[in-house]
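Below is one structure; the comments refer to it alone.
Chain A is the first sequence line, chain B the second, and so forth, proteins listed ahead of strands; every chain is numbered from 1.
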Number of protein chains: 2
Amino acid sequence: MSREKLHTEVRRDQLTDATLAVVADHGLRGLSLAAVARRVGLTPSAIYRHFPSKDAMLDAVLERLRERLHGAIAAARAETDDPVEALRRLLGRHTLLVRHNRALPRMVLSDDYHLGHPERRQRLLGVFSGYLDGVAGIIRQGQRDGSIRSDVNARSLAILFLGLIQPAGVLWTLSDGRFDVTGQARAAWPVFEQAIRAPAPPRARAARPPRSRRTPS
Amino acid sequence: MSREKLHTEVRRDQLTDATLAVVADHGLRGLSLAAVARRVGLTPSAIYRHFPSKDAMLDAVLERLRERLHGAIAAARAETDDPVEALRRLLGRHTLLVRHNRALPRMVLSDDYHLGHPERRQRLLGVFSGYLDGVAGIIRQGQRDGSIRSDVNARSLAILFLGLIQPAGVLWTLSDGRFDVTGQARAAWPVFEQAIRAPAPPRARAARPPRSRRTPS
DNA sequence: TCCGGTTGTGAATACACGTTCACAATAAGC
DNA sequence: GCTTATTGTGAACGTGTATTCACAACCGGA
């Protein structure tokens with residue numbers, strides 16, 4: 001082993017990085033302390049100098065992913081004032097994030113992380129909700145300034161936006177990177193954009209939300 | 001134990017059912033032969049009378065899920081000739097399928113199943129592709145008869161359709177059934193429908209697919 | 001009725017993993 | 001330079017797991 005003694009903050013960073021790498025390569029199931037330790041040149045027991053348990057380490061990793069997701073939203077919002085354009089940029093940033101962090105979909109979609117740990121599920125749901133709130137915030141801004149349709153609530157549109165990326169991300173991980181996420185995003189975006197844009201202001205259509213419209217079976 | 005001797009086909013059905021139930025409750029990670037055996041009133045070793053290995057059992061389970069997914073598509077197509085209406089029905093059937101088979105998203109999205117087993121990944125990708133092909137088939141029909149826009153390829157639209165369900169399904173599992181999948185589907189469908197409908201025939205817009213349009217960063 | 005194949009059992013095996021602990025080596029503060 | 005807290009090591013432990021095997025009970029057909 002390297003036998004080198006480093007400060008605990010440094011090791012913690014190394015360990016979370018290594019964890020992300022292992023999860024990217026072998027999934028959450030394949031995540032073992034041995035594999036993480038090997039990657040940073042430590043023995044499994046040394047990990048316990050920096051994290052009280054494997055679970056605590058995973059929590060730190062999730063926190064890092066959360067920061068990156070929120071960072072993407074903040075960056076997209078900072079770049080432009082046009083909400084629709086902000087969404088387009090967020091889409092690009094998010095696909096890039098997925099492509100550079102194969103661990104992200106695995107961590108967030110795999111149930112290993114939260115099953116049997118209600119507080120974990122709550123945390124993960126919080127990450128999702130936070131992201132969706134961010135997207136919904138952009139959308140609401142667009143609804144206020146009239147660029148985005150107001151007959152569908154912002155949250156639903158935010159989830160629809162997530163649908164722009166998620167299946168592509170799944171296909172991408174499943175195909176081991178062969179599926180063209182970026183291409184799919186480029187193809188799907190115009191469709192989405194057109195769908196959320198408010199109908200042209202001149203001709204005010206009946207934009208009443210269709211309440212419980214039920215077409216006969 | 002029940003001590004009852006049943007034919008192997010019956011046991012195989014019971015075992016796949018039990019596996020689905022266990023995965024629904026405890027995820028793929030929490031799937032153990034012991035748990036499955038307990039659920040059907042057998043000992044773990046008895047399972048080997050009906051499946052050569054745990055992996056083989058999982059394969060059978062995936063096959064069952066594949067059948068149900070394809071069944072949903074076939075049923076939706078059989079019910080109507082209108083492609084857009086078929087998609088709407090498929091959406092309903094799919095959400096129902098997810099709600100009744102919590103194991104479905106877990107099996108299909110968790111990487112436990114396929115990581116480290118390239119042939120498994122291939123199989124799972126095949127399930128996805130088969131489903132997408134089915135959806136794309138409906139869409140292509142709509143493109144031929146002019147009800148669905150032709151400037152975006154059917155596959156991309158099919159993936160977008162999947163995005164209508166998948167994030168909702170994830171939120172649903174994550175919130176332990178509290179999230180309203182059906183409501184989300186109802187809210188998102190009109191948006192999707194309007195997005196894929198071909199622009200009204202009278203005013204023929206320039207519907208050339210934008211090839212590599214790149215907006216400056 | 002008898003017999004062979006099928007189904008079920010419980011004990012045993014082998015392995016991987018998280019975690020603990022006593023001890024060694026090193027860095028930091030006085 | 002001495003002391004003390006920090007960091008790293010290797011061995012050990014306990015647990016949960018898939019899988020195997022010898023044996024028992026049973027069903028179905030001759």
Please report the distance, rounded to the nearest Å, between [atom1] in [X] and [atom2] in [N].
X       : N      : atom1 : atom2 : value
A:Leu33 : C:dT19 : CG    : P     : 6 Å
B:Arg49 : D:dC27 : CZ    : P     : 16 Å
B:Leu6  : C:dG5  : CG    : P     : 21 Å
A:His50 : D:dT6  : NE2   : C1'   : 9 Å
A:Leu42 : C:dG18 : CG    : C1'   : 16 Å
B:Arg29 : D:dG16 : CZ    : P     : 14 Å
A:Leu31 : C:dA16 : CG    : P     : 16 Å
B:Lys5  : C:dG5  : NZ    : C1'   : 9 Å

| Is there side-chain contact between B:Asn153 and B:Leu157, with heavy atoms separated by less than 4.5 Å? | no
| query | Does the side chain of B:Arg11 get closer than 4.0 angstrom to OP1 or OP2 of C:dG8 through an N or O atom? | reply |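 Looking at the OP1 and OP2 atoms of C:dG8, one of them is under 4.0 Å from a side-chain N or O of B:Arg11.
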| Checking B:Ser156 side chain against B:Val152 main chain: does a donor-acceptor pair fall under 3.5 Å? | no
| query | Ignoring hydrogens and geometry, is there a side-chain-to-backbone donor-acceptor pair from A:Gln14 to A:Arg39 under 3.5 Å? | reply | no
| Any N/O donor-acceptor pair, B:Ser45 side-chain to C:dG10 base, under 3.5 Å |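 In this structure, the two groups form a donor-acceptor pair.
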| request: Could you check B:Pro44 against B:His7 and say which one's nearest nucleotide on DNA chain D is further toward the 5' end? | output: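 With B:Pro44 and B:His7 compared, the 5'-side residue is B:Pro44.
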| message | Any carboxylate oxygen within less than 4.0 angstrom of a Lys/Arg side-chain nitrogen, looking at A:Arg66 and A:Glu63? | response | yes
